Protein chains: 2
Amino acid sequence: MKSITIKKGQIIQHPGDANPKVYKVVSGLLRVYALDQKGKEHIFLFGPEGWIVADGVPLNAPAVLFIDALEDSTLEVTDRVQQNLDKITIDPLIKRISVLQNRVIMLLSASAIQRYEHFEETYPSIVQRVPQKMIASYLGITPEALSKVKSQKAKSKL
Amino acid sequence: MKSITIKKGQIIQHPGDANPKVYKVVSGLLRVYALDQKGKEHIFLFGPEGWIVADGVPLNAPAVLFIDALEDSTLEVTDRVQQNLDKITIDPLIKRISVLQNRVIMLLSASAIQRYEHFEETYPSIVQRVPQKMIASYLGITPEALSKVKSQKAKSKL
DNA sequence: AACCACTCTTAACCTAGATTAAGAAATGAC
DNA sequence: GTCATTTCTTAATCTAGGTTAAGAGTGGTT
């Protein structure tokens, strides 16, 4: 385990990287994302302070996702295999599975509005810290659609 | 750990059940799914023989998903907390995370056709064993849309 | 064999969200 | 403070996939 500090915008993992690491976010905010064939970003995960962020590929497999910093950040970096041996990992793994299960169910069953409201409730602090277009990307919709959704919500409250 | 056998159609877990179990599929085929507000099923996971199937809720939380049998099945049932203590769980957990990460990325970035082709490649045996409408549900589309997609694929091959 | 329940396909129509485009507002660099 | 870049909003148009409906297999059950 070692500590590093990185600047906003810095990319710390690329797809194809061998031996992807586990990052514990001490301060700042990380983003995990994929690019599709058309070069469009799809945000897989936001990692604010306290979160453990890692590419979920099988052990020994190369990375498939990008990780970069949305804010200047301080991280603790651990090797996945090492961490695995240490057996400290089970709880965070179960938490991650729970988050992902929810995400899949939401993507399968909920409309854009419902997904946005769920996100607001679940990660209120993230909403304040990242551009709307990134939240749209996390939700699987375009920034324009999110903008529309929000103005409809506002109107319906009058 | 104990072994049980169940019949096709039998529901072995309901949302709200306390202390959800871990099921190792010895033979047969399980299905994990959610119902939305309109009563529509959304398939979260197929569990053929060899797979370990469980609701991914946090330990001690009640179940949120249904589990039933799509074929007569034999299962080994374990308590999650017990299994956790046994530390045998890390590898299956990482595998599960990898599967879920892929699923989320596909749902965010790929069209219905692409998701279907990916499913065919990844789970060819499942395609043979379950009705099309269940594959559609797993992919997050309607049976009608899947039917359309497949006929378009067939035409484009001529 | 006749019936029932399910599954799949096709087609007409509809809607949520994508795309394109342009202007307004916010943020940042110098 | 000014200019440039990025972000957000609005509006017009388009399209993938949803909805509804009806007919054609396919089994299973008695």
Side-chain angles (χ1 to χ4, degrees), chain A residues 7-10 29 31 33 35-43 46 68-72 106-120 126-158, chain B residues 7-10 29 31 33 35-43 46 68-72 106-120 126-158:
Chain A
K7 288 262 174 69
K8 176 174 174 170
Q10 198 173 333
L29 181 60
R31 171 178 68 151
Y33 65 99
L35 292 186
D36 65 22
Q37 308 92 312
K38 297 173 193 158
K40 220 166 114 182
E41 288 173 9
H42 300 278
I43 297 182
F46 295 108
D68 70 1
L70 297 180
E71 301 172 359
D72 294 352
M106 290 304 289
L107 288 170
L108 288 178
S109 65
S111 66
I113 312 95
Q114 293 171 320
R115 300 208 297 276
Y116 177 65
E117 289 176 343
H118 179 261
F119 185 87
E120 271 187 314
I126 301 290
V127 177
Q128 315 300 111
R129 287 163 77 178
V130 311
Q132 301 285 352
K133 64 168 195 167
M134 289 191 187
I135 294 171
S137 170
Y138 183 94
L139 298 176
I141 60 176
T142 59
E144 293 85 355
L146 180 52
S147 189
K148 202 193 292 184
V149 155
K150 286 180 65 184
S151 77
Q152 282 165 351
K153 250 189 82 175
K155 274 181 211 160
S156 72
K157 277 189 183 167
L158 301 182
Chain B
K7 289 261 173 70
K8 175 175 175 171
Q10 198 173 333
L29 180 59
R31 171 178 68 152
Y33 65 100
L35 292 186
D36 65 22
Q37 308 92 311
K38 297 174 194 158
K40 219 167 115 182
E41 288 174 8
H42 300 277
I43 297 183
F46 295 108
D68 70 1
L70 298 180
E71 301 172 358
D72 294 352
M106 289 305 288
L107 287 170
L108 288 178
S109 66
S111 66
I113 312 94
Q114 292 171 321
R115 300 208 295 278
Y116 177 64
E117 289 176 343
H118 179 261
F119 185 87
E120 271 187 314
I126 301 289
V127 177
Q128 313 301 110
R129 287 164 75 177
V130 310
Q132 302 285 353
K133 63 168 195 168
M134 289 191 187
I135 294 171
S137 170
Y138 183 94
L139 298 176
I141 61 177
T142 59
E144 293 85 354
L146 180 52
S147 189
K148 203 193 291 184
V149 154
K150 286 180 65 184
S151 77
Q152 282 164 353
K153 251 190 81 175
K155 275 181 211 160
S156 74
K157 276 189 183 168
L158 302 182

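Not measured: the values here are computed from a predicted model. A, B, ... follow the sequence lines: proteins, then strands. Residue 1 opens every chain.
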Fill in the blank from the handout: Taken to the nearest 0.5 Å, the spacing of B:Asp72 CG from B:Lys8 NZ works out to 8.0 Å
Exercise for the section: Answer yes or no: is there a donor N or O on one side and an acceptor on the other, between the side chain of B:Arg31 and the main chain of B:Leu70, under 3.5 Å? Expected result: no
Handout entry: Atom-to-atom span, NE2 of B:His42 to P of D:dG18 - whole angstrom
Key = 11 Å
Exercise for the section: Report the distance from atom CG of A:Leu35 to atom CD of A:Glu41, rounding to the nearest 0.5 Å. Expected result: 6.0 Å
Exercise for the section: Rounded to the nearest 0.5 Å, what's the gap from CG on A:Leu108 to CE on A:Met106? Could you check? Expected result: 10.5 Å
Exercise for the section: Side chain of A:Lys8 only, please: which of C:dG28, C:dT9, D:dC8 is the nearest? Expected result: C:dG28
Problem - For A:His42 against A:Ser137, the heavy-atom pair lying closest together - result: CA-OG, 3.4 Å
Below 3.5 Å between N/O atoms, which protein atoms pair up with nucleotides 15-19 of chain C? Just atom names and distances, please.
| unit_1 | atom_1 | unit_2 | atom_2 | d |
| --- | --- | --- | --- | --- |
| C:dG17 | OP1 | A:Ala112 | N | 2.9 |
| C:dA18 | OP2 | A:Thr142 | N | 3.1 |
| C:dA18 | OP2 | A:Thr142 | OG1 | 3.0 |

Exercise for the section: Send over the distance from B:Ile135 CD1 to C:dC8 C1', rounded to a whole Å. Expected result: 13 Å
Exercise for the section: Calculate the interatomic distance between B:Leu107 atom CG and D:dG17 atom P; express it in whole Å. Expected result: 12 Å
Handout entry: Smallest separation among heavy atoms of A:Val127 and A:Glu120, with atom names
Key = CG2-CA, 4.1 Å
Practice task
Calculate the interatomic distance between A:Lys133 atom NZ and D:dC8 atom C1'; express it in whole Å.
Solution key: 11 Å
Exercise for the section: Let me know the distance between CD of B:Gln128 and P of C:dT7, rounded to the nearest Å. Expected result: 17 Å
Exercise for the section: Please state how far atom CD in B:Gln152 lies from atom C1' in C:dT9, giving the value in whole angstrom units. Expected result: 13 Å
Handout entry: For atom CD of A:Glu71 and atom P of C:dT27, their distance in whole Å
Key = 14 Å
